[in-house]
Visitor: 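Just dropping this structure here.
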Amino acid sequence: MPVSKKNTKPGIELEYNSLRSEILKRIELRQQLISITLTLAGIFLGIGLSTQSVALIYPPLAMFLAFGWAQNDFRIRTAAEYIREHLENPDTGLMYEHRVQTGRRSTSGLGGWRFVVISHIGIFIFTQIMAVVIELARTNFNLNSLTLTQWILLVIDIVSILFVLWIARQSTR
């Protein structure tokens with residue numbers, strides 16, 4: 001929504017509107033990444049129920065999608081911070097990001113975790129864990145029956161899950 005205040009300089013208003021548009025676009029991209037993740041999870045986990053090792057391919061893909069999600073999350077926060085610190089003040093009447101940040105602090109989630117991080121990163125981690133469980137269930141959780149390829153993929157999956165947990169921790173800062 002364009003902002004127009006009598007005390008707002010045209011350049012500030014233009015920059016404000018441009019950054020708000022970028023934030024909205026990045027939020028949209030973040031949502032698309034979640035949709036892509038759920039689609040890929042459905043495909044890989046569905047096929048993984050009947051085909052050996054296919055489910056183990058999914059966790060690294062989810063990790064890379066989580067990196068893309070985090071990139072957009074970091075850029076959203078950077079743009080919002082810039083708006084708050086450099087463009088908004090009571091004289092211009094631009095105060096939306098200040099208000100949002102105040103509300104964000106009072107409803108920051110569990111232990112400082114933002115709800116968007118819990119919900120979105122939770123999807124990445126849950127689907128990654130499901131992929132590992134599906135493959136292990138196919139072998140009746142008999143680790144001795146895993147092939148070398150399965151072991152390698154399992155190690156890559158565990159590393160991928162740990163990276164997504166690391167991404168989640170970075171997104172709470």
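Any value given below was found using the heavy atoms of this structure, including those in side chains, with hydrogens, waters and symmetry copies removed. This structure is a prediction, so every number in the text was calculated from the model and none was measured.
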Visitor: Looking at every non-hydrogen atom in both residues, tell me the closest pair between Asp157 and Leu56 and how far apart they are.
Guide: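 Heavy atoms of Asp157 and Leu56 come nearest at OD1-O, 2.7 Å.
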
Visitor: Give a yes or no on whether Ile156 and Ile167 share a hydrophobic cluster (residues Ile, Leu, Val, Met, Phe, Trp, Tyr; joining criterion: side-chain heavy atoms under 4.5 Å apart).
Guide: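 Each belongs to a different hydrophobic cluster.
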
Visitor: Show the nearest heavy-atom pair for residues Ala70 and Ser171, with the distance to one decimal.
Guide: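 Ala70 and Ser171 have their closest heavy atoms at CB-OG, 4.5 Å.
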
Visitor: Tell me, please, which residues at least two apart from Gln170 pass side chain to side chain donor-acceptor pair (under 3.5 Å).
Guide: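 In terms of side chain to side chain donor-acceptor pair (under 3.5 Å), with neighbours along the sequence ignored, Gln170 is linked to no residue.
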
Visitor: Is it the case that over 12 heavy atoms from other parts of the model lie below 6.0 angstrom from the CZ atom of Phe67?
Guide: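 Count over threshold, so yes.
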
Visitor: For the residue pair Phe163 and Trp166, categorise the inter-ring angle as parallel (less than 30°), tilted (30 to 60°) or perpendicular (more than 60°).
Guide: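 Plane angle over 60°, so perpendicular.
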
Visitor: Would you mind reporting whether Val164 and Ser160 have side-chain heavy atoms less than 4.5 Å apart?
Guide: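 No, too far: nothing below the 4.5 Å cut-off.
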
Visitor: How far apart are the closest heavy atoms of Ala80 and Ile23, and which atoms are they?
Guide: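 Looking at all heavy atoms of both residues, the closest pair is N-CD1, 3.8 Å.
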
Visitor: Does the Thr51 side chain pair with the main chain of Gly48, one donor and one acceptor, at a distance under 3.5 Å?
Guide: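 No: the side chain of Thr51 does not pair with the backbone of Gly48.
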
Visitor: Parallel, tilted or perpendicular: which describes the rings of Tyr58 and Phe44, with under 30° parallel and over 60° perpendicular?
Guide: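 Ring orientation, 0 to 90° scale: tilted.
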
Visitor: I'd like to know if the side chain of Ser18 reaches the main chain of Leu14, judged simply by a donor and an acceptor atom lying under 3.5 Å from each other, with no hydrogens or angles considered.
Guide: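 Side chain of Ser18 to backbone of Leu14, a donor-acceptor pair under 3.5 Å: no, none is there.
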
Visitor: Between Leu29 and Leu33, is any pair of side-chain heavy atoms under 4.5 Å apart?
Guide: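 No - every pair of side-chain heavy atoms lies 4.5 Å or more apart.
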
Visitor: Report the residues that fulfil salt bridge (charged side-chain N to carboxylate O under 4.0 Å, His left out) with Glu15, sequence neighbours left out, ordered by chain and then residue number.
Guide: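 Listed in chain order: nothing, the list is empty.
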
Visitor: Are Val132 and Ile158 joined in one hydrophobic group, where the rule is that I, L, V, M, F, W and Y side chains link up if heavy atoms are under 4.5 Å apart?
Guide: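 Yes, one cluster joins them.
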
Visitor: Would you say that Leu146 contacts Leu143 through its side chain, given a criterion of any heavy-atom pair below 4.5 Å between the two side chains?
Guide: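 Counting from C-beta outward, Leu146 and Leu143 do come under 4.5 Å.
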
Visitor: Look up atom CD1 in Ile43 and atom CD1 in Ile57, then write down how far apart they are to the nearest 0.5 Å.
Guide: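 Ile43 atom CD1 to Ile57 atom CD1 measures 12.5 Å (nearest 0.5 Å).
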
Visitor: Excluding sequence neighbours, so at least two apart, what forms salt bridge (charged side-chain N to carboxylate O under 4.0 Å, His left out) with Glu22?
Guide: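 With neighbours one apart ignored, the set is Arg26.
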
Visitor: Please round to the nearest 0.5 Å and tell me the distance separating atom CD1 of Ile125 and atom OG1 of Thr127.
Guide: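 Between atom CD1 of Ile125 and atom OG1 of Thr127 there are 9.0 Å.
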
Visitor: Same cluster or not: Leu49 versus Leu136, using hydrophobic residues (I, L, V, M, F, W, Y) connected whenever any side-chain heavy atoms lie under 4.5 Å apart?
Guide: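 No, no single cluster joins them.
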
Visitor: Might you confirm whether atom OH of Tyr96 has over 12 heavy atoms from other residues, nucleotides or ligands at distances under 6.0 Å?
Guide: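 Open: at most 12 neighbouring heavy atoms sit under 6.0 Å from OH of Tyr96.
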
Visitor: Does the side chain of Ile34 come within less than 4.5 Å of Phe124's, by heavy atoms?
Guide: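 The answer is yes; the side chains approach within 4.5 Å.
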
Visitor: Given the rule that I, L, V, M, F, W and Y join up when any side-chain heavy atoms are under 4.5 Å apart, are Phe74 and Leu165 in one cluster?
Guide: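 No; tracing contacts between hydrophobic side chains, which count when under 4.5 Å, never links both residues.
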
Visitor: For the side-chain contact (heavy atoms from CB on, under 4.5 Å) test, which of Arg84, Glu85, Glu81 pairs with Glu97?
Guide: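 The side-chain contact (heavy atoms from CB on, under 4.5 Å) with Glu97 is passed solely by Arg84 among Arg84, Glu85, Glu81.
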
Visitor: With clusters defined by side-chain heavy atoms of hydrophobic residues (ILVMFWY) lying less than 4.5 Å apart, directly or transitively, does Ile47 cluster with Met130?
Guide: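 As far as the 4.5 Å side-chain criterion goes, Ile47 and Met130 are not connected within one cluster.
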
Visitor: Less than 4.5 Å apart, side chain to side chain, heavy atoms only: is that true for Leu154 and Glu135?
Guide: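 Result no, sub-4.5 Å side-chain heavy-atom pair not found.
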
Visitor: With a 4.5 Å cut-off on side-chain heavy atoms, are Ile76 and Arg30 touching?
Guide: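 Counting from C-beta outward, Arg30 and Ile76 do come under 4.5 Å.
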
